[in-house]
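This report concerns only the one structure given below.
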Amino acid sequence: MSSIEDPIDDLSVTPPKRWATGVPAVTHALEYSLEQTSVRRTALTLLNINQVKGFDCPGCAWPEPAPGKRHLNEYCENGAKHIADEATTRRVTRDFFRRHSIAELDTKSDYWLNQQGRLTEPMVKRPGAQHYEPIGWDEALDLLAGELRRLDSPDEALFYTSGRLNNEAAFLLQLFARAFGTNNLPDCSNMCHESSGSALQETLGIGKGSVSLDDIHHADLVFVVGQNPGTNHPRMLSALEETKRNGGRVVAVNPLPEAGLIRFKHPQKARGIIGRGTAIADRFLQIRPGGDLALFQALNRLLLEAEDIAPGAVLDHTFIDDHTTGFADFAEHARKVEWDDILTATGLTRDEIEGIHDLVLESKKIIVCWAMGLTQHKHGVPTIREVVNFLLLRGNIGRPGAGVCPVRGHSNVQGDRTMGIWERMPQTFLDALGREFGFTPPSRHGLDSVDAIRAMRDGRAKLFLGVAGNFVRATPDSQVTEEAMRRCRLTAHISTKLNRSHTVCGEIALILPTLGRSDRDVQATGEQFITVEDSMSEVHASRGRLAPASPHLLSEVAIISRLARRTLGETPDIPWEDFEADYGTVRDRIARVVPGFEDFNARVSRPGGFRLPNPVNQHVFRTPSGKAVFTRNDFTMPDIPDGHLLLQTLRSHDQWNTVPYAMDDRYRGIHNARRVVLVNPDDLTALGFADRDLVDLVAVWHDGVERRAENFRVVAYPTSRGSAASYYPETNVLVPLDSVADISNTPTSKAVLVRLEAARTPGSKETAWDE
Ligand SMILES: Nc1nc2c(c(=O)[nH]1)N[C@H]1C(S)=C(S)[C@@H](COP(=O)(O)OP(=O)(O)OC[C@H]3O[C@@H](n4cnc5c(=O)[nH]c(N)nc54)[C@H](O)[C@@H]3O)O[C@H]1N2
Ligand SMILES: Nc1nc2c(c(=O)[nH]1)N[C@H]1C(S)=C(S)[C@@H](COP(=O)(O)OP(=O)(O)OC[C@H]3O[C@@H](n4cnc5c(=O)[nH]c(N)nc54)[C@H](O)[C@@H]3O)O[C@H]1N2
Ligand code: SF4
Ligand SMILES: [Mo]
């Protein structure tokens, strides 16, 4: 890819912020909104975010407080920016595509592509063409259906989704894929919380978190591990503030001293606007990257030893005896973990770890929250299993104020899984689906995101349909992935905004523009709402309020239903037309197929919706033994040879996944640049580099292929020794496709072994800034 990347020469650096949100956050959100859209639309959108009769913030999966407890402004800076980005009044028209060839668009930055505005009508790139041209909906969907039918096997098709998709459309998409004959349903979750799902399913029998917002508020001790809530789940800080007000404590574990973890100013409260805000983390453990497995092993060893000294006073034996298996085996193993190993892996002192142990002993109710800092490591699954061991030891599962809290990313990523978006849905789900719709779903597992790339690369998959994401930029090994996509017969994307996945085309390519969460959705039977499930299993309705970005947009439900009809022909037991006309009929079917959704339409119509039961909270564990499982996890840590750094690829404050909104990362003090790499000053000296040097990042991987990201400005930064941090997706080119987490197959986006080299071609095209 020859994309002209973001400017680097305007870089300015200020000290990292010690607090998050407050007035500047509100100002920044309004600025972005007014830049993108009108005052009226800004007011209309902001007043409707996360309100009972409004729409669900598409910003992240953090839950809303109960209906009576919401603020008038129940949103954060980033939620507001996210909505403004969708509610923008800028438009991409057919004229735009006439003016810009696909090759030219491919040289533009991700930022530039997004800034062009909302997509307005279906477009096609025909074989050999240099430009997209307009195409009617009927012709577009006939073309796509025809190519699907022409495949030698349904398994040559891939149906990718991101967690932006709502429940109704997700349910229909997986129904369509399976009625077509494949389980090839890769999704963003494969690159996100798959490690959490794998570890929790195995140990607790369900791949979801067990806690509610109320549990967070009333916990004695909350761990926030591998997560940057100030940027990625801002309202989580309000929840943690409440934990603290109720006397609870917070431990943050991170290689970076992230602003929100240190201090927080509540933007909607006078205290937050004027005062110094609340100090969030009582303890901050600046851990080495990938050291979390060792940390929790250390805590577990300390707990076992404390129990030896005071038998019966430390562990919850009743819970362990009644509800778990594997304790003896685990305990024998856990006692053997060596302190030398622990201290090397974590980079912490024994005093620091013992200090946390003391907090644990003082706390009856403990919650561990985590996100990508744990999941995107080679040993992400064992790390999360060890977190579960830690909680099981003192019975911190299935009682108020305690439990597991994988903090989800995309607003409906959890719901999509519940609806069957998974390449490996259990047979019970497939049987129920087949019974309801009169067909036999395929039972062989489908391809996940990494395997989907391999299949396209090797010519085993030929047709790619992406719904609500940006596959080419979200996935690892950008060059390999782009070549793989270009090998396809057809690539099609159901999207709201222009992105790189539209410029990296198969022989034929389609852009199918759709409604966003904030757009009003009117079908034959009238105005529709959709539903989503947040990170804490709350299912609720979402209603768009704005006039759609263009009269030619179809909803995701409509596009999928129409495509299914054209592809599958007559399906007497699947009334696609009814589904499109009345989303309530989709929910009626969900109610009959998906456990926990009985009486769906009635229950979701209540203000605030309903919470799906998590059997773990009744001490019901759907594991083969019927009990929660202690596991033994071999000690392991990333190997960082001399002269190398372990690079983590993360989000700036001004981006939403693959989409940069601006060039700043305010809380970390980075301004006007994204091609920067944060390195500890001592590592820089040891490596022979200095602050602001221009370097190439070169990945080190055993296949000998050179993976290089050019022209990054070094910033001396207080990150933990041995680690470096840089933004995604600019650095995805460095993540080898085969570098994945054991078991979950998640790309190791937080653990890329790199070396720094003086920039090979400083001042090359890549450093220029275009428009
Ligand atoms: N504004 C905004 N909000 C978002 C998103 C967005 O792009 N923008 N994306 C959404 C999505 S899809 C997701 S999945 C979430 C992601 O939310 P996060 O997981 O918070 O996102 P990342 O930026 O990947 O940050 C990972 C954090 O883990 C830390 N970390 C890295 N390696 C390690 C490690 O080895 N150990 C420990 N303990 N910590 C480590 C990093 O320093 C960083 O603070 O956010 C969601 N919300
Ligand atoms: N190196 C590295 N790679 C990563 C990560 C990392 O931390 N580091 N994180 C991973 C994670 S956690 C995730 S979740 C993935 C994210 O991967 P994706 O979910 O695939 O990517 P997004 O950037 O969220 O997708 C943005 C596009 O979604 C479309 N869109 C937005 N709203 C809507 C809508 O309402 N409907 C439709 N149909 N389309 C819409 C727009 O066209 C927009 O351009 O990336 C993963 N990749
Ligand atoms: S915390 Fe997440 S869901 Fe809530 S307003 Fe902010 S971005 Fe939206
Ligand atoms: Mo994610």
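Because the structure is predicted, anything quoted here is derived from the model rather than measured. Each ligand, and each atom within it, is numbered from 1 in the order the structure gives.
No N or O atom of E86 sits closer than 3.5 Å to an N or O atom of ligand 2. Considering backbone and side-chain N/O of H502, none are found under 3.5 Å from N/O of ligand 2. Between T496 and ligand 2, an N or O atom pair is found at a separation short of 3.5 Å.
In this structure, CG in L645 is found 9.5 Å from CG in N680, a value given to the nearest 0.5 Å.
Near T514, the atoms of ligand 2 lying under 4.0 angstrom from a non-hydrogen atom of the residue are 36 (N), 37 (C), 38 (N). Of all atoms in ligand 2, numbered sequentially from 1 with element shown, those under 4.0 Å from a heavy atom of N499 are 27 (C), 42 (O), 43 (C), 44 (O).
The existence of a salt bridge linking K497 and E86 is excluded, since no basic side-chain nitrogen approaches an acidic carboxylate oxygen closer than 4.0 Å. Contact check on E64 versus R235 returns a salt bridge, with a Lys/Arg side-chain nitrogen under 4.0 Å from an Asp/Glu carboxylate oxygen.
A cation-pi arrangement is absent between R517 and F55, since the terminal nitrogen or guanidinium carbon is not both under 6.0 Å from the aromatic centre and inside a 45° cone about the axis.
For N470, heavy-atom contacts with ligand 2 shorter than 4.0 Å involve the backbone as well as the side chain.
Closer than 4.0 angstrom to ligand 1 sit non-hydrogen atoms from G59, C60, N78, C192, V225, G226, Q227, N228, T231, N232, H233, V253, N254, P255, L256, E258, I287, P289, G290, D292, A371, M372, G373, H377, G409, H410, Q648, L650, R651, Q655, W656, N657, K750.
In this structure F159 satisfies the ring-ring contact (aromatic ring centres under 6.0 Å, His included) test together with F176, sequence neighbours excluded. Remark: F284 pairs with no residue by the ring-ring contact (aromatic ring centres under 6.0 Å, His included) rule, at least two apart or across chains. Applying the ring-ring contact (aromatic ring centres under 6.0 Å, His included) test to H233 and every residue at least two apart in sequence or in another chain returns nothing.
Contact annotation: the side chain of V472 approaches that of E482 to within less than 4.5 Å [non-hydrogen atoms, C-beta and beyond].
Side chain to side chain, K750 and Q376 meet the donor-acceptor criterion of an N or O pair below 3.5 Å.
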